[in-house]
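Structure, as structure tokens:
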Amino acid sequence: MRVLFSGTLLLLTTTVFASQDYEVTVTTVNVWVRAVDKSGAPVEKLTQEDFEVYEDNQRMVVSCFDEISQNVDVVSAEQPATKKRFVLYLDLYNVTTPEWSLIQPKIIEFLQQISKHNYDVMIAAMIPQGRLGVIAPFTNDAARLGPVIEKATANAGRDAEIRNNEARIVDLLEELRSEGDNPADSLDDLTQISPRRDLNTRILKTVYGHAHQFAEEERYRTEFSVKALESFSAYLAKAAKNDHIVLLYVSGGFNSDPGRRYYDLIERVAENRGLNRDSFVLSVRAGDKKRSSQFNMEKLVQNSIGKLNRLNITLYGVNTRGLGLVSENISAKGDMASNEAQLLPAFLDSLRFMAEETGGISFQNSQNFKVGFDGILQDLGHQYQLCYSPPEHKAKGQYHKIKVVMKKPGVQTRYRNGYVD
């Protein structure tokens, strides 16, 4: 994958980076812990002795401990707060124009709020053409950021490919016919010659072939989106050295279950036509293309987003889809219509996996984006930082599980799940 930047993205002169490998030397693992009581209120004045940290079930020696409180509305000149890094990452590649029109003003309001908390803010974007770059370098001047957001444009054709793919499958499925009770059409004896059954078999092989192709395309889009973020984060870690970076990922999400829409459609229609009474026979008729191998989104997130944890980046997600998915279902009726509500979680899970992996949170299932942004500010308001020197690892590129044990009763914690070295 090439990660590119277009200097005309938002008609600004900006920091530019290209796709490459970044060597970032990190000798300490930072663990940011959110500690709350049963009501969700932050628990203050915990001590280092209240925490135990484990890596791969081995207890680590905590070498630093700090309680970070950021609930300051205005930074005073007499007591300046420590500088903090905040990155707004706009995944416009996976956001539609209607979604963007709803969230855009809320993002501007949020940037105005966060500037009061002494954050240096950077804005990066992956535009609809799949090019990625920094569109506003780190600044604490919120007035400079609003015009950048106003000029950004989303992906008007994000869902067009889904509608076109589904239309191709529906056109073929409409030719499927029930095979009835004719002995020649029996599903129990595939040696019998039956024109109707042979036609149905050819249709099944064709539509499953299409579904497999579409699933691979969706899988590539998901991997492309995750790898783009991984590449940007590596660049960011080098540019910001070892500072803790909060990254807000705004996106419509990407499919954690590629191809499900198409496979479900085929199997639903085949069942209604009486063609899949026996799943083995249906699989034979489909030419071993009944379903592609399952895609492991969590594993992809661990391998790619786990590197963000090693680079001291915490990710928060805001999903722009709200409660909708694809508004048009090619006017399909009956068994040809997809259940959009059942398909939506696959696009919400992606951001949730990413946020949970780094110890952040994800806002979804609503278009009341102010609530989501307020929740993120509240979450950042109070945290604990622990760090330790990791043990020597025999091989690089392995995932290492982190576990934080809270010894004080009644306190719930959230933290990054692990990292890839």
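All of these numbers come straight from a predicted model, not from anything done at the bench.
Salt bridge status for Lys227 with Glu230: present, with a side-chain N to carboxylate O gap under 4.0 Å. Using a cut-off of 4.0 Å between Lys/Arg side-chain N and Asp/Glu carboxylate O, Asp264 and Arg260 are scored as salt-bridged. With salt bridges taken as basic N to acidic carboxylate O contacts below 4.0 Å, none links Asp171 and Arg168.
Qualifying side chain to side chain donor-acceptor pair (under 3.5 Å) partners for Gln48, counting only residues two or more places apart in sequence or in other chains: none. Evaluation of the side chain to side chain donor-acceptor pair (under 3.5 Å) rule for Glu392 yields no partner, not counting sequence neighbours. Every residue meeting the ring pair (Phe, Tyr, Trp, His ring centres under 6.0 Å) condition with Phe373, not counting sequence neighbours, appears here in chain and number order: Phe110. By the side chain to side chain donor-acceptor pair (under 3.5 Å) test, His400 pairs with Asp56, His393, Asp421, sequence neighbours left out. In this structure Ser251 satisfies the side chain to side chain donor-acceptor pair (under 3.5 Å) test together with Asp91, sequence neighbours excluded. In this structure, the side-chain contact (heavy atoms from CB on, under 4.5 Å) partners of Ser233, at least two apart in sequence or on a different chain, are Leu229, Leu247, Leu308, Ile313.
A 4.5 Å side-chain heavy-atom check between His244 and Thr314 finds at least one atom pair inside the cut-off. The side-chain heavy atoms of Trp100 and Leu90, taken from C-beta on, include a pair separated by under 4.5 Å. At a threshold of 4.5 Å between non-hydrogen side-chain atoms, the residues Asp379 and Arg34 count as touching. Looking only at side-chain heavy atoms (C-beta outward), Tyr388 and Val31 come within less than 4.5 Å of each other. Between His212 and Tyr262 there is no side-chain heavy-atom pair separated by less than 4.5 Å.
Around NZ of Lys370, the count of heavy atoms belonging to other residues, nucleotides or ligands within 6.0 Å does not exceed 12. Within 6.0 Å of the CG atom in Asp141, the count of heavy atoms belonging to other residues, nucleotides or ligands exceeds 12. Shown here is Arg144, whose CZ atom has no more than 12 heavy atoms of other residues, nucleotides or ligands within 6.0 Å.
The main-chain N or O of Asn140 is never found under 3.5 Å from a side-chain atom of Ser115 such that the two would form a donor-acceptor pair.
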*Checking salt bridge (charged side-chain N to carboxylate O under 4.0 Å, His left out) for the pair Glu218/Arg261: CA distance, chi angles, key distance, verdict?*
CA-CA 11 Å; Glu218 289 184 351; Arg261 166 186 294 271; 5.6 Å; no
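With hydrogens and angles left out, the side-chain atoms of Glu217 and Gln213 include a donor and acceptor closer than 3.5 Å.
In this structure, the separation between CG on Asp257 and CG on Asn255 is 6.0 Å, given to the nearest 0.5 Å.
Cation-pi check for Arg219 over Phe295 is not met; the charged atom does not lie both under 6.0 angstrom from the ring centroid and within 45 degrees of its normal.
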